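Note that the numbering runs from 1 along the sequence shown for the chain. On a predicted model such as this, the values are computed, not experimentally measured, just so you know. All ligand and atom numbering here is 1-based and tracks the order in the structure. These numbers come from the heavy atoms of this one structure, side chains and all, not from hydrogens, waters or symmetry mates.
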Amino acid sequence: MSQNQIPELSGFGGDDLDAAFAKIVDEVQDSSTNLTDDEAVEQFRLHWLGRKQGRLKAISDAWLKSAPADAKKHIGQRFNKLKEEIDRRLESAGNVGISRAQLAAEAIDVTLPGLRRPLGAEHPLIKTMNEIVSVFQAMGYSVGVGPEVETDYYNFESLNFPPNHPARDTQDTLVIANQERKPLRDRLLMRTHTSPVQIRTMERQPPPVQIVIPGKVHRNDAADATHSPIFHQVEGLCVGPKITFSDLKGTLDHAMKAFFGSSVKTRFFPSFFPFTEPSADVQISCIFCGGTGCRKCKHSGWIELLGCGMVDPAVFALVQAKQPGYDPKKVSGFAFGMGVERIAMMKYGISEIGQLYSGDMRFLEQFA
Ligand code: DAH
């Protein structure tokens, strides 16, 4: 296809234009008789529609340049029709302007190696939390969750921390702003522990309950090697007729053995939590030295791991308003709570809590 001369317009009237465009359509027709292979189609496309040297553009430039302003619109409309005609022919040739080069670029080379997506793995913190939870699931516990933004009532008051009681000072609290107009019990805060979900669970279902509650908690603590203002706990609650301190000891002793290994021993130290009476701190024999004393256990042979106790009757009494089944004369129970970071750090020998939150692949890959 050679570039023909650009035909002259004999005038700008409708008939003149129709005649001139009809000639070009003939030209298009003549040049499209042999579009039998890709090469020919591409030649045709370039000849008419080529962005720089295409004939359509050359004609349009020439005709529009010489046209008076009021004729430009009429010429433009006819060019649009002409362009449609060319497109139609390309389309019926079965190949709308896709060149061989373009096709080659889009083709898939099945001999190339594929893109390998590395498999993800559980984060060591989540892994630890899931492992703790599954130890209790194996004992028949269900799993629950609760809100991270909590009311003063559920976080403190229902757990027997009265307003202004010094026990509240043990959990430096992040409160939500502008709550002062509400009654204290309705004011919102970031939960400082997962214990409020004990109350929410009992309010929702009558006894017996056996539940573990993993989750995130917040405290207004400065970050250091072992503290973070956001961390994770697993809470536990078991309530039923005749649940005793022996059940508590047996359950936690079994859980620690299941989690850390059967040679681990536990011991219970008197402690205080407002919502349990009596309360205890649980220590396990040092998993590093087996109890003989080392740097990790500060040469005591024991490591403190969690808090627990028998549910205080005052807690049941508050829940009873919504669930009469929690009559402290008829049911008893135990509860426990543990910090997941502390356990993960001990299990994996991590000395900086911040590494758990860093997202650094060099750190995380070690646990994959
Ligand atoms: N909520 C306590 C804390 O964050 C931990 C705790 C202690 C939970 C004793 C319990 C418990 O359920 O019985 O310090």
Exercise for review: Indicate yes or no: does R219 engage D221 in a salt bridge with an N to O separation below 4.0 Å.
Suggested key: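 No.
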
Review point. Under a 4.0 Å N-O cut-off, is there an ion pair linking E131 with K347?
Key: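 Looking at K347 together with E131, the answer is yes, because their closest N to O distance falls below 4.0 Å.
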
Review point. What about I211 and M338, same hydrophobic cluster or not, with Ile/Leu/Val/Met/Phe/Trp/Tyr joined at side-chain heavy-atom distances under 4.5 Å?
Key: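 The answer is no; the residues belong to distinct hydrophobic clusters.
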
Under 3.5 Å, N/O to N/O: give me all the pairs between ligand 1 and the protein, one per line with atom names and distance.
| from | atom 1 | to | atom 2 | distance (Å) |
| --- | --- | --- | --- | --- |
| ligand 1 | 1 (N) | H193 | ND1 | 2.9 |
| ligand 1 | 1 (N) | S195 | OG | 2.9 |
| ligand 1 | 4 (O) | R219 | NH2 | 2.8 |
| ligand 1 | 4 (O) | Q233 | NE2 | 2.9 |
| ligand 1 | 12 (O) | Q198 | NE2 | 3.0 |
| ligand 1 | 12 (O) | E235 | OE2 | 2.6 |
| ligand 1 | 12 (O) | F336 | N | 3.3 |
| ligand 1 | 12 (O) | F336 | O | 3.2 |
| ligand 1 | 13 (O) | A335 | O | 3.1 |

Check your understanding: Partners of F334 by ring pair (Phe, Tyr, Trp, His ring centres under 6.0 Å), sequence neighbours excluded?
Key ->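 Ring pair (Phe, Tyr, Trp, His ring centres under 6.0 Å) check on F334 returns nothing, list empty.
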
**Study point:** Counterpart residues, side-chain contact (heavy atoms from CB on, under 4.5 Å), relative to D16 (two or more places apart)
**Key:**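 Here the qualifying residues are S10.
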
Exercise for review: State which residues pass side chain to side chain donor-acceptor pair (under 3.5 Å) with T170; sequence neighbours excluded, sorted by chain then number.
Suggested key: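 Here no residue qualifies.
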
